[in-house]
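Computed over heavy atoms, backbone and side chain alike; hydrogens, waters and symmetry mates excluded. Per chain, numbering begins at 1; letters A, B, ... match sequence-line order.
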Protein chains: 2
Amino acid sequence: MKIKDIAELAGVSVATVSRVINNSSKVKEETKNKVLEIIKKYGYEPDFSAKSLRKRSSNLFGLVMRRNHITENDSYTHPFLNGILEYFFHNDLKLILDSHEKKNCIVHYEKLIKSNLVNGFFITDLEDNDERIEFLNSINFPYIVIGRNNKNNFIYVDPDNELGGYLGIKHLNEIGCKNILFISGSLGPAVTYQRLNGVLNAKKDFNINLDIVYGDFSRKSGYDVIKKINLTDYDGIFCSSDLMAYGVYDYMNEKNYYLPLIGFDDLPSSKILKISSINQNIYQIGYNAAKMLHYLSSGREVKNVIIPVDISIRESTLKFKK
Amino acid sequence: MKIKDIAELAGVSVATVSRVINNSSKVKEETKNKVLEIIKKYGYEPDFSAKSLRKRSSNLFGLVMRRNHITENDSYTHPFLNGILEYFFHNDLKLILDSHEKKNCIVHYEKLIKSNLVNGFFITDLEDNDERIEFLNSINFPYIVIGRNNKNNFIYVDPDNELGGYLGIKHLNEIGCKNILFISGSLGPAVTYQRLNGVLNAKKDFNINLDIVYGDFSRKSGYDVIKKINLTDYDGIFCSSDLMAYGVYDYMNEKNYYLPLIGFDDLPSSKILKISSINQNIYQIGYNAAKMLHYLSSGREVKNVIIPVDISIRESTLKFKK
DNA sequence: CTCTTTTTTGTAATCGATTACATTTTTATT
DNA sequence: AATAAAAATGTAATCGATTACAAAAAAGAG
């Protein structure tokens with residue numbers, strides 16, 4: 001069933017049918033209704049390729065995922081995709097999921113662009129010395145970067161890590177902690193500094209003592225760091241990642257000595273372990289990224305977006321509340 | 001840059017260029033090399049829409065995800081997609097991710113088919129009285145169902161739940177358990193019976209006592225069920241879902257009385273909690289589903305596939321090993 | 001060297017939509 | 001009722017690839 005068939009059945013020309021479908025110019029009400037009726041009756045859908053070819057534009061957007069058979073943490077995928085899909089669903093857009101190996105991935109983006117398959121794409125997991133950076137700077141094609149980057153001015157959407165750092169300290173202060181240990185991630189990635197800044201801002205606002213030590217975001221590093229610490233020196237611990245908080249939790253279990261504990265990322269396991277954590281609203285990040293990419297690709301103006309974070313309060317701090 | 005440009009630059013006709021690209025019929029070695037050189041030099045990629053339109057077929061396949069802003073467990077998404085993408089990557093296929101709300105989702109599949117956007121699709125989360133079943137039976141279009149269904153004979157790929165049930169009991173037996181409690185999921189879904197069958201088969205093979213009680217797969221139901229049980233009657237517990245195992249674990253923590261414990265699904269949190277579990281190899285399911293759909297859509301024969309499961313052995317049983 | 005066969009290449013139709021431009025129909029104006 | 005202006009519709013070109021068929025070039029046969 002193609003447009004020509006509908007045209008014949010409705011006794012009009014293909015141009016008229018097209019105009020009805022696309023609402024592109026005035027069609028007499030009577031004609032329009034007849035055409036719509038036939039379309040509905042036969043369940044006609046315009047051919048995707050023909051439409052894209054002629055319009056030189058599709059309603060497809062690309063997300064090139066890094067393929068990794070096994071990851072320590074893959075919990076972002078689902079809420080992120082859901083956020084994108086929510087927006088896409090309501091705007092009749094579709095997502096192409098492609099994948100790349102770390103090396104040689106530029107070829108993939110180039111193919112996507114040159115074959116006119118997508119109207120734009122999302123960039124995730126961009127690292128500081130990522131080979132994609134140069135490429136992204138060199139192209140004139142719509143894309144949105146997920147996560148801020150120190151050195152470039154891409155259009156991005158990012159969680160408010162600074163707020164997260166602030167909220168963690170604020171909450172510990174609220175339940176009465178006065179001597180807080182902050183286990184930061186390794187210096188390097190932008191998030192480390194953002195979270196640290198939030199923590200330092202909170203220190204100014206609340207009357208607390210704060211010590212800072214450094215891990216590398218992993219569970220093992222959390223364990224290793226806390227092992228060298230005298231727990232009794234503190235009355236509250238805030239980790240810059242959930243995994244590090246799990247490491248700390250392991251150690252506290254071992255010693256059977258517990259302090260209020262907050263993580264950062266709100267991984268699904270934190271719910272299970274009942275550890276308080278800073279929630280990054282990955283869903284919202286996806287939703288906003290989708291909207292921004294849509295706007296960008298249709299020539300509308302787009303501003304960077306910072307998504308507020310929440311704190312998920314659980315037993316790990318709640319049970320210490322006075 | 002289009003095929004005509006390449007043709008002119010190489011001093012041949014578009015037909016020849018097309019033949020080179022598609023290896024569709026003999027082209028003189030010399031001509032071929034010249035064309036390939038030009039293509040490479042200018043980084044030409046055939047237009048996706050034009051190609052699909054003419055060939056009446058794309059290399060796109062669809063996965064329509066149920067959108068759910070918040071789920072208790074979304075850990076399947078990442079490994080499943082990764083499995084699909086691994087196969088797709090190596091076969092130059094692409095995945096369209098679409099989403100639907102529960103009601104009215106048939107329209108979506110119909111659109112996908114009628115607009116010739118995809119060559120086939122995956123069906124996930126099919127329930128016993130799903131409205132999609134009738135639809136799927138009525139169409140003549142390639143699709144693969146993830147997860148067996150009691151009442152239909154779709155082409156499916158599914159984890160070997162029966163083997164999982166068997167392996168759980170086998171492992172408990174190996175560490176010396178003689179009086180085992182199996183907490184089954186609710187009667188209804190096919191998985192419940194499959195897992196139960198495996199457990200019963202193992203009972204025959206090993207010399208153990210086995211009691212069976214029923215939860216509903218949720219953490220709360222695990223807790224509620226175990227609460228009514230006298231823990232000292234048993235020396236090992238096997239749950240038909242990880243979530244139920246977490247509920248049991250909660251209770252054991254409360255009572256500070258531990259028995260060997262195995263879950264089913266191997267959610268990421270089980271690694272964190274160090275609870276042994278049956279691993280369903282979701283990645284393999286994705287990979288195989290992709291391969292099957294590819295075969296099916298290109299007219300090759302396809303058989304149902306059952307993916308073996310593994311057991312991930314952790315502290316929750318290991319520490320009881322004699 | 002001519003004729004046949006095979007290999008290589010080119011021409012033009014085609015896929016199914018959109019849309020510029022042309023034409024017809026309708027409405028408004030005098 | 002004649003003419004001008006506006007609205008509705010139609011014709012045909014176009015998007016960029018593939019491919020049936022035709023034609024030209026090369027190879028082989030005698």
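The pair B/R66-B/D125 does not count as a salt bridge, with every side-chain nitrogen at least 4.0 angstrom from each carboxylate oxygen. In summary, A/R56 and B/D47 engage in a salt bridge, as defined by a charged side-chain N under 4.0 Å from a carboxylate O.
Considering B/F88, B/F141, B/F122, B/F121 as possible partners of B/F61, the one that fulfils the ring pair (Phe, Tyr, Trp, His ring centres under 6.0 Å) test is B/F88.
Two rings, from B/H108 and A/F89, have their centers less than 6.0 Å apart. Note: A/Y109 and A/Y143 fail the aromatic proximity criterion, with ring centroids not under 6.0 Å apart.
Positionally, the nearest nucleotide of DNA chain C for B/K32 lies more toward the 5' end than for the other of B/N116 and B/K32. Residue B/E29 is the one, among A/S18 and B/E29, whose nearest nucleotide of DNA chain C lies closer to the 5' end (criterion: closest heavy atom). When each of A/V27 and A/V14 is assigned the nucleotide of DNA chain D bearing its nearest heavy atom, the one mapping closer to the 5' terminus is A/V27.
You won't find any donor-acceptor pair under 3.5 Å spanning the side chain of A/R56 and the base of D/dG16, going by distance alone.
Of the residues in residues 41-53 of chain B, those lying under 4.0 Å from DNA chain C by heavy-atom distance are B/L53.
Heavy atoms of A/N22 sit under 4.0 angstrom from primed sugar atoms or phosphate atoms, though from no base atom. Across all strands shown, B/T31 has heavy atoms under 4.0 Å from sugar-phosphate atoms exclusively, and none from any base.
Of all nucleotides listed (C/dT8, C/dT9, C/dT14), C/dT9 comes nearest to the side chain of B/R19. The side chain of A/I3 lies closest to C/dA17, out of D/dT18, C/dG10, C/dA17. Here C/dG10 is the nucleotide among C/dT19, D/dA8, C/dG10 with the atom lying nearest to any side-chain atom of B/A15.
Not a single donor-acceptor pair under 3.5 Å links the side chain of A/D158 to the backbone N or O of A/I146.
Residue B/T16 has a polar side-chain atom (N or O) positioned under 4.0 Å from OP1 or OP2 of C/dG10.
Rounded to whole angstrom, the span from the CD atom of B/E30 across to the P atom of D/dA25 amounts to 15 Å.
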